[in-house]
Chemist: 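I'd like to ask some things about the structure below.
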There are 2 protein chains.
Amino acid sequence: MERADVLPMLGEVFREHGFEGASLAAITARTGLGKGSLYHFFPGGKEEMAAAVLAEIDSWFETHVFAPLREGEDAPAAIRDMLGKVDAYFRSGRRVCLVGVFALSDTRDRFSDKVQGYFAAWRDALTGALRRAGLADAEAAERAEDGVLAIQGALTLARALHDPDVFTRTLKRLERRLLA
Amino acid sequence: MERADVLPMLGEVFREHGFEGASLAAITARTGLGKGSLYHFFPGGKEEMAAAVLAEIDSWFETHVFAPLREGEDAPAAIRDMLGKVDAYFRSGRRVCLVGVFALSDTRDRFSDKVQGYFAAWRDALTGALRRAGLADAEAAERAEDGVLAIQGALTLARALHDPDVFTRTLKRLERRLLA
DNA sequence: TTTTTACTGTACCAATAGGTACACACAGCG
DNA sequence: CGCTGTGTGTACCTATTGGTACAGTAAAAA
């Protein structure tokens, strides 16, 4: 087993339990790795594990979501692609956003830069795409903020109501609202 | 000190640390109450404390937000009032939603009914008001869902970006979007 | 073949977790 | 006065927490 294989499993543990709630015992159970291996891969302990997961998430979004949003020729198509990728990533509302989980509660302060960076990058990339799609600067910024926050809110509400469809519906609504 | 005086302080501790992160030590520090008093007021321990806080929040929203939304003569005015109350409650984006915090992570399962009930009540009350404001059923339901989720998302994004204004802006945008 | 290197399990640690037991204070009241 | 109920501090309990130390294994590199 390589370090890279562990990251997704770590991500799920942090997603489900939060940073504080993700005990070494839970991590061991989920990954099948003992403390020996865990501390071999992540000498910095839980903090390094969470940082590594955050970095991997950031990199995934960077290549699959943010970059296409910035560089896509056809801006409206890039935005639609973003929504598709997001739907897949969050398993149509059945999965929660780790960065969002960290953002609430005081775990944010521990990973302040990464959390802030993730959302800022997303918002800015989307703003750019909306501008290229023909919107005025102010309008583009406003809709981008609205889009990012709607996705987060939809994940929260979907989970609270045990109703993943909330997320799917929101994505559909967003497609119309962003590109209108 | 009475039990009722403790609840707001408990609420802040859970808000900031989440359920798992809110250690008895943190609770003691915040409330100034030792274990003796704490377990006198809440024999059920942390679980009962969190349940009591959740109940108090629910009751506050019921009387100040949900009920006016259901019973207000002037529906558009009731919706505007809701936004005002929400802005005050969440301190213009500087405070986070406890129920939202619990909804993410596995704390949700512990308080599943309360979490679900809170958001369902909010959404349904808002749906009703929008209908009374003249919207068709489907459109009203859609906008209500959108409104509740935007508030949650705005709180998350505001906190992630260290920028409470995100919340204020969202509330403004929402006023236009809901009543348009 | 020898020597590294990457990995893993076990035992252990001090600190903290949530929770209990109980003696005590101090009202209000008869 | 004495009694009773509501609070509160202290001491204590066991389980678990995150983390360390280290001996061992196995495979690759020399």
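Residue numbers start from 1 in every chain, and the chains themselves are labelled A, B, ... in the order their sequence lines are given, proteins ahead of strands. Computed from a predicted model, the values in this text were never measured in an experiment.
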Chemist: Using a strict threshold of under 4.0 Å (side-chain N to carboxylate O), is an ion pair present between B:R132 and B:E71?
Modeler: no
Chemist: How many angstroms lie between atom CG of A:D106 and atom CZ of A:R108, to the nearest 0.5 angstrom?
Modeler: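 If I round to the nearest 0.5 Å, the distance is 9.0 Å.
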Chemist: Evaluate the criterion side chain to side chain contact (heavy atoms under 4.5 Å, CB included) for residue pair B:M9 and B:M1; output intermediate values, then yes/no.
Modeler: CA-CA 12 Å; B:M9 293 185 266; B:M1 181 110 60; 4.0 Å; yes
Chemist: Through what angle, rounded to 10 degrees, does the axis of the helix from C:dT1-D:dA30 to C:dG30-D:dC1 turn between its ends, using five pairs per end?
Modeler: 10°
Chemist: Where each residue is assigned the nucleotide of DNA chain D containing its nearest heavy atom, which of B:R3 and A:K46 is assigned the position nearer the 5′ end?
Modeler: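 Nearer the 5' end of the strand: B:R3.
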Chemist: Looking only at heavy atoms, which two atoms of A:L155 and A:C97 are closest? And how far apart?
Modeler: CD1-CB, 3.8 Å
Chemist: For B:H64, check ring-ring contact (aromatic ring centres under 6.0 Å, His included) against everything at least two apart and list the hits.
Modeler: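 So B:H64 forms a ring-ring contact (aromatic ring centres under 6.0 Å, His included) with B:W60.
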Chemist: With sequence neighbours left out, what residues match A:E12 under side chain to side chain donor-acceptor pair (under 3.5 Å)?
Modeler: A:R15, A:R95
Chemist: Looking at residues at least two apart in the chain, or sitting in another chain, which of them share a ring-ring contact (aromatic ring centres under 6.0 Å, His included) with B:F111?
Modeler: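 Expected list: B:F19, B:F102.
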Chemist: When you compare the protein's N or O atoms with those of nucleotides 27-29 of chain D, which come within less than 3.5 Å of each other, and at what distance?
Modeler:
none

Chemist: Strictly by side-chain hydrogen bond (donor to acceptor under 3.5 Å, both in side chains), give each pair with a member in residues 34-51 of chain A just once, sequence neighbours left out.
Modeler: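 Every side-chain hydrogen bond (donor to acceptor under 3.5 Å, both in side chains) pair that includes a residue of residues 34-51 of chain A, provided the two are not neighbours, is A:E47-A:R110.
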Chemist: So which of residues 16-26 of chain B are in contact with DNA chain C, with a heavy-atom cut-off of under 4.0 Å?
Modeler: B:A22, B:S23, B:L24, B:A25
Chemist: Run the side-chain donor-acceptor check on residues 173-180 of chain B: report pairs under 3.5 Å with partners two or more places apart or on a different chain.
Modeler:
residue : atom : partner : partner atom : Å
B:R173  : NH2  : A:E145  : OE2          : 2.8
B:R176  : NH2  : A:E142  : OE2          : 3.3
B:R177  : NE   : B:D146  : OD2          : 3.1
B:R177  : NH1  : A:D146  : OD1          : 3.0
B:R177  : NH1  : A:D146  : OD2          : 3.3
B:R177  : NH2  : A:D146  : OD1          : 3.4
B:R177  : NH2  : B:D146  : OD1          : 3.4
B:R177  : NH2  : B:D146  : OD2          : 3.0

Chemist: About how many Å separate CG of A:L10 and CG of A:D5, when rounded to the nearest 0.5 Å?
Modeler: 11.0 Å
Chemist: Within this structure, what is the CE-CG distance for the pair A:M82 and A:L126, rounded to the nearest 0.5 Å?
Modeler: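 These two atoms lie 5.0 Å from each other.
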Chemist: Please find the earliest and latest nucleotides of DNA chain C, in the 5' to 3' direction, that have an atom within less than 4.0 Å of any heavy atom of chain A.
Modeler: C:dA6 to C:dG9
Chemist: Using a cut-off of strictly less than 4.0 Å between a heavy atom of the residue and any atom of DNA chain C, enumerate the qualifying residues of residues 32-40 of chain A by number.
Modeler: A:G34, A:G36, A:S37, A:H40
Chemist: Which residue, A:V99, A:V6, A:V13, A:L7, forms the side chain to side chain contact (heavy atoms under 4.5 Å, CB included) with A:V53?
Modeler: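 Of A:V99, A:V6, A:V13, A:L7, side chain to side chain contact (heavy atoms under 4.5 Å, CB included) with A:V53 is met by A:L7 alone.
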Chemist: For A:D137, enumerate each residue passing the salt bridge (charged side-chain N to carboxylate O under 4.0 Å, His left out) test, keeping only those at least two apart in sequence or located in another chain.
Modeler: A:R131
Chemist: For residues 116-125 of chain B, tabulate all N or O donor-acceptor pairs below 3.5 Å that involve a side-chain atom, not counting sequence neighbours.
Modeler:
residue : atom : partner : partner atom : Å
B:Q116  : OE1  : A:H162  : ND1          : 3.4

Chemist: Tell me whether A:R169 is salt-bridged to A:D163, with the criterion being a basic N under 4.0 Å from an acidic carboxylate O.
Modeler: yes
